[in-house]
*Asks:* 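Below you will find the structure I want to go over with you.
These figures come from a predicted structure and were not determined experimentally.
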Amino acid sequence: MGPQRIKAVVFDFDGTLAVLNIDFSLMRVRVFDLIRAFGVREDAIRESYLLEIIDEVFLMIQKENPSGANRFFEMAHHILRDIEVKAAEEGRLIPGCEKTLNMLRQKGIKIGIITRNCEEAVRKVFPDIDDYCDAFISRDSVENVKPHPDHLKAMLRALGVSHRDSIMVGDHLIDIQAGKSAGMMTIGVLTGRITRTEFEKAKADFILKDISEIDPLLKEDV
């Protein structure tokens with residue numbers, strides 16, 4: 001991690017700090033049903049992730065039907081929000097999450113939380129999130145979400161820190177990709193579906209069982 005003192009740790013939310021059990025398969029089915037209803041062919045889509053697919057299809061429709069494009073965008077995001085908020089009703093924080101965040105802040109380390117989820121779902125699971133972090137940026141507050149570096153750059157500005165003094169922590173390869181794109185060190189945690197081998201292939205700087213192992217890691221001043 002380098003000899004410099006780490007000034008900020010940025011965390012992903014779902015799978016890293018909490019478990020939401022979002023039904024991504026249902027989400028994808030419903031969004032693609034909507035896409036077909038607006039007359040867009042699936043084989044014309046190049047993006048892989050749903051948020052980016054929605055943006056791509058919006059631009060396709062906009063060329064010939066601007067009002068229809070706006071309607072599609074609103075309906076698609078309603079699908080995402082509906083499924084996320086329902087999942088959040090059964091969601092829970094990963095045990096020890098609050099303790100770890102508190103310990104880091106007591107050491108003077110700034111905490112950021114970023115997510116591709118909607119703010120409403122996150123706050124349903126973690127209503128006092130603002131007491132545990134210095135900045136929280138959901139997809140509702142940025143134009144480009146991670147893995148696009150803009151999401152993390154917005155967070156670094158909000159925290160008032162440099163990418164060189166910060167670490168991105170997440171349970172998905174998107175988090176590692178986003179961190180690297182922003183020039184940050186990266187930590188993969190094994191509390192999601194990504195394996196140690198996959199994180200190694202993605203060249204995560206560190207791979208931890210869960211976020212509770214971050215505090216001792218920082219103590220090592222590695």
*Asks:* Taking atom CD1 of I83 and atom CE of M27, what is their separation to the nearest 0.5 Å?
*Replies:* 5.0 Å
*Asks:* I need the single residue from R139, K146, R116, R46 that forms a salt bridge (Lys or Arg N to Asp or Glu O under 4.0 Å) with E52. Which is it?
*Replies:* R116
*Asks:* Tell me which one of L80, D140, L20 satisfies side-chain contact (heavy atoms from CB on, under 4.5 Å) with N117.
*Replies:* L20
*Asks:* Grouping I, L, V, M, F, W and Y whenever their side-chain heavy atoms are under 4.5 Å apart, do L217 and M103 come out in a common cluster?
*Replies:* no
*Asks:* Which word best sums up how the rings of F13 and F126 line up, parallel for under 30°, tilted for 30 to 60°, or perpendicular for over 60°?
*Replies:* parallel
*Asks:* For M168 versus G179, what's the shortest heavy-atom pair and its separation?
*Replies:* CB-CA, 3.9 Å
*Asks:* Any side-chain to backbone donor/acceptor pair from T16 onto D171? Under 3.5 Å, distance only.
*Replies:* yes
*Asks:* Any idea which heavy atoms bring L173 and A202 closest together, and the distance?
*Replies:* CD2-CB, 3.8 Å
*Asks:* Distance check, rounded to the nearest 0.5 Å: I176 atom CD1 versus D205 atom CG?
*Replies:* 8.0 Å
*Asks:* Could you tell me which non-hydrogen atom of D12 sits nearest to which non-hydrogen atom of D14, and how far apart they are?
*Replies:* OD2-O, 2.9 Å
*Asks:* For a side-chain contact (heavy atoms from CB on, under 4.5 Å) check, start with the C-alpha distance between D150 and E143, then their side-chain angles and the critical distance, and finish with the verdict.
*Replies:* CA-CA 8 Å; D150 281 0; E143 189 172 335; over 6 Å; no
*Asks:* Does a sphere of radius 6.0 Å around CD in E200 hold more than 12 heavy atoms from other residues, nucleotides or ligands, not counting ones at 6.0 Å or beyond?
*Replies:* yes
*Asks:* Could you pull out the closest heavy-atom pair between R105 and Y132, with the gap in Å?
*Replies:* CD-O, 3.4 Å
*Asks:* Is there a path of hydrophobic side-chain contacts, each under 4.5 Å between heavy atoms, that joins L190 and I167?
*Replies:* no
*Asks:* Counting distance only, does the side-chain N/O of E213 pair as donor-acceptor with the main-chain N or O of K209 below 3.5 Å?
*Replies:* yes
*Asks:* When you group the ILVMFWY residues by side-chain heavy-atom contacts below 4.5 Å and let the links chain together, are V142 and M155 in the same group?
*Replies:* yes
*Asks:* Examine distances only and state if a side-chain atom of D175 and a backbone atom of H172 form a donor-acceptor pair shorter than 3.5 Å.
*Replies:* yes
*Asks:* Could you pull out the closest heavy-atom pair between E84 and C118, with the gap in Å?
*Replies:* OE1-N, 3.0 Å
*Asks:* So, the side chain of K180 versus the backbone of K203: is there a donor-acceptor pair under 3.5 Å, distance only?
*Replies:* yes
*Asks:* Is R36 salt-bridged to D33, cutoff N-O under 4.0 Å?
*Replies:* yes
*Asks:* Identify the heavy atoms of K110 and V161 that sit nearest to each other, and give their distance.
*Replies:* CD-CG1, 4.2 Å
